Amino acid sequence: YERMTTPEARFVKQADKMANFLQGIDYWRKEGKIQHNLWVRWIKETIDDPVLLDFLKEIEEEWLTER
């Protein structure tokens, strides 16, 4: 997992980072105390799995454009 030597390990590691991102965005939506644009940039630099990239696109369209 930590070395990300298999496709499954890479996916799980990236999914874990995506969960952290979602927590941060949820906090931003509730409290507004973080710079969400920095989180978005960070996750885009971190994620390269096609499934997670599609998920991120949906999140951006639904959560980040309505504010």
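Here the structure is a predicted model, which means the values were calculated and not measured.
Applying the side-chain contact (heavy atoms from CB on, under 4.5 Å) criterion to Thr6, with sequence neighbours excluded, gives Glu8, Ala9. In this structure Asp48 satisfies the side-chain contact (heavy atoms from CB on, under 4.5 Å) test together with Arg10, Gln14, sequence neighbours excluded. Residues satisfying the salt bridge (Lys or Arg N to Asp or Glu O under 4.0 Å) test with Asp26, not counting sequence neighbours, are Lys30.
Sequence neighbours left out, the pairs with a member in residues 11-22 that pass salt bridge (charged side-chain N to carboxylate O under 4.0 Å, His left out) are Glu2-Lys13. Among residues at least two apart or in separate chains, salt bridge (charged side-chain N to carboxylate O under 4.0 Å, His left out) pairs with a member in residues 34-47 are Lys44-Glu60.
One finds the CG atom of Leu56 at 5.5 Å from the CZ atom of Phe21 (value rounded to the nearest 0.5 Å). Atoms CG and CD1, from Leu38 and Ile43 in turn, are 13.0 Å apart once rounded to the nearest 0.5 Å. One finds the CH2 atom of Trp42 at 14.5 Å from the CG atom of Asn37 (value rounded to the nearest 0.5 Å). Here Asp54 contributes atom CG and Ile47 contributes atom CD1; the two are 12.0 Å apart, rounded to the nearest 0.5 Å.
Contact record, Met18 with Ile59: SD-CD1, 4.3 Å, taken as the closest heavy-atom pair.
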